[in-house]
Protein chains: 2
Amino acid sequence: MSVAEDQLDRAFAALGDPVRRAMIARLSRGPATVNELAEPFPITKQAVSRHIQVLEAAGLITRTRDGQRRPCHLVPAALEALTSWIDEYRLETERRFRRLDAVLQSVKEQEQ
Amino acid sequence: MSVAEDQLDRAFAALGDPVRRAMIARLSRGPATVNELAEPFPITKQAVSRHIQVLEAAGLITRTRDGQRRPCHLVPAALEALTSWIDEYRLETERRFRRLDAVLQSVKEQEQ
DNA sequence: CCTATATTCAACACATCGGTTGATCAAGGG
DNA sequence: CCCTTGATCAACCGATGTGTTGAATATAGG
């Protein structure tokens with residue numbers, strides 16, 4: 001399996017967890033540290049730290065250093081890669097539906 | 001957790017598997033039965049049947065009946081819900097980046 | 001009717017995931 | 001220096017996911 005496919009695996013799977021989706025939502029408003037990301041959730045910092053590692057491995061976030069802190073930053077290009085993948089197949093399906101509608105319409109007109 | 005959130009969980013997690021993504025790609029070109037979807041993969045029909053159940057539970061496909069066969073159909077609206085979710089946060093992040101760029105630019109101009 | 005085909009159900013094995021606790025590492029601040 | 005704070009590592013546990021095999025169900029078709 002290609003590297004790109006592997007990243008899609010990780011990225012989609014990462015978004016399959018509500019805690020990680022909430023972190024993405026938070027990060028869209030600006031960088032945040034582990035502690036800041038942990039605040040809304042009733043789980044340990046260690047668990048949050050691992051969620052962050054999952055998001056990083058998926059390429060959805062990057063991390064910088066600020067003293068002791070390791071702020072997380074969203075990577076919009078990674079999100080864009082996901083929407084591109086989805087849209088390719090969604091748009092193809094919608095085109096197919098439109099073609100089918102056109103056929104049904106012409107059949108209907110024939111019958112009249 | 002809301003029903004909608006739950007569907008996002010299932011849908012993103014469903015796309016986290018390469019077999020299921022390949023099935024989505026196949027279904028974008030038209031309906032297919034379990035046997036047809038199973039053909040490209042070196043796994044049993046039972047395993048394929050369960051992948052299909054996962055996609056159906058996620059709302060990504062629906063199934064009809066054609067005699068013994070149970071053709072699968074892609075649901076473009078479900079895919080659209082995923083891109084909407086992603087785009088909300090991607091676009092917010094990009095707007096934030098542009099604001100930051102503007103600030104940096106004005107600082108640079110001040111210095112000159 | 002009887003048999004073949006399409007699909008699913010049930011039970012099991014094994015890996016991965018998401019959480020915990022406890023220890024450890026690294027950077028800052030008195 | 002020492003102690004606090006931020007973050008991670010390691011080991012463990014229960015739940016879930018993905019595959020298998022074998023049996024069951026349902027429809028088609030001679």
Side-chain angles (χ1 to χ4, degrees), chain A residues 1 5-27 30-74, chain B residues 1 3 5-27 30-74 82:
Chain A
M1 182 173 321
E5 276 286 302
D6 220 49
Q7 285 295 92
L8 280 181
D9 281 8
R10 289 194 245 268
F12 278 125
L15 295 183
D17 184 292
V19 170
R20 287 190 293 257
R21 278 204 310 284
M23 290 175 170
I24 293 289
R26 164 65 186 79
L27 291 172
T33 65
V34 175
N35 274 315
E36 288 164 351
L37 287 172
E39 198 272 324
F41 304 105
I43 61 177
T44 62
K45 308 271 173 73
Q46 290 95 321
V48 170
S49 181
R50 287 212 294 205
H51 278 301
I52 290 172
Q53 288 173 45
V54 170
L55 290 171
E56 191 177 19
L60 294 172
I61 67 172
T62 57
R63 311 190 69 181
T64 51
R65 181 167 278 288
D66 171 26
Q68 311 172 262
R69 304 193 193 77
R70 308 287 313 280
C72 301
H73 309 259
L74 207 47
Chain B
M1 179 173 321
V3 175
E5 276 286 301
D6 219 49
Q7 285 294 94
L8 279 182
D9 281 7
R10 288 195 245 268
F12 279 124
L15 295 183
D17 184 292
V19 171
R20 287 191 292 257
R21 278 204 309 284
M23 289 175 170
I24 293 290
R26 164 64 185 82
L27 290 173
T33 65
V34 175
N35 272 315
E36 288 164 352
L37 287 172
E39 197 272 325
F41 304 105
I43 61 177
T44 62
K45 308 272 172 72
Q46 290 94 319
V48 170
S49 180
R50 287 213 292 205
H51 278 301
I52 290 171
Q53 288 173 45
V54 170
L55 290 170
E56 191 176 19
L60 294 171
I61 67 171
T62 56
R63 311 191 68 180
T64 51
R65 183 167 276 289
D66 170 27
Q68 312 170 263
R69 309 204 186 75
R70 308 288 313 281
C72 303
H73 310 258
L74 207 46
L82 301 186

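By convention in this document, chain letters (A, B, ...) are assigned in the order of the sequence lines, proteins followed by strands, and residues within each chain are numbered from 1.
The shortest non-hydrogen separation linking B:Ala22 to B:Phe41 is CB-CZ, 3.6 Å. For the residue pair B:Leu82 and B:Ala11, the shortest heavy atom distance occurs at CD2-CB, 3.7 Å.
In this structure, CZ of A:Phe41 is placed 10 Å from P of C:dG19, rounded to the nearest angstrom. In this structure, B:Ile61 places its CD1 atom 12 Å from P of C:dT7, rounding to the nearest Å.
A:Gln7 pairs by the side-chain hydrogen bond (donor to acceptor under 3.5 Å, both in side chains) definition with A:Arg10, not counting sequence neighbours. Partners of A:Glu36 according to the side chain to side chain contact (heavy atoms under 4.5 Å, CB included) rule, which considers only residues two or more places apart in sequence or in another chain, are A:Arg26, A:Ala32, A:Thr33.
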Let me have a per-nucleotide readout for nucleotides 5-17 of chain D, 5' to 3', with B, S or -, counting only protein heavy atoms under 4.0 Å.
-> BSSBB-B------
Please tabulate, one pair per line, all N/O donor-acceptor pairs under 3.5 Å involving side-chain atoms of residues 43-55 of chain A, not counting sequence neighbours.
unit_1: A:Thr44; atom_1: OG1; unit_2: A:Ala47; atom_2: N; d: 3.3
unit_1: A:Lys45; atom_1: NZ; unit_2: A:Asn35; atom_2: OD1; d: 2.8
unit_1: A:His51; atom_1: ND1; unit_2: A:Arg20; atom_2: NH1; d: 3.1

Please list, one pair per line, the donor and acceptor atoms closer than 3.5 Å that link side chains of residues 57-66 of chain B to other protein atoms, with sequence neighbours excluded.
unit_1: B:Arg63; atom_1: NH2; unit_2: B:Arg70; atom_2: O; d: 3.0
unit_1: B:Thr64; atom_1: OG1; unit_2: B:His73; atom_2: NE2; d: 2.7
unit_1: B:Arg65; atom_1: NH1; unit_2: B:Gly67; atom_2: O; d: 2.8

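For C:dC17, the OP1/OP2 oxygens have no side-chain nitrogen or oxygen of A:His51 closer than 4.0 Å.
Take the nearest nucleotide of DNA chain C for A:Val19 and for A:Arg65: the residue whose nucleotide is more 5' is A:Val19.
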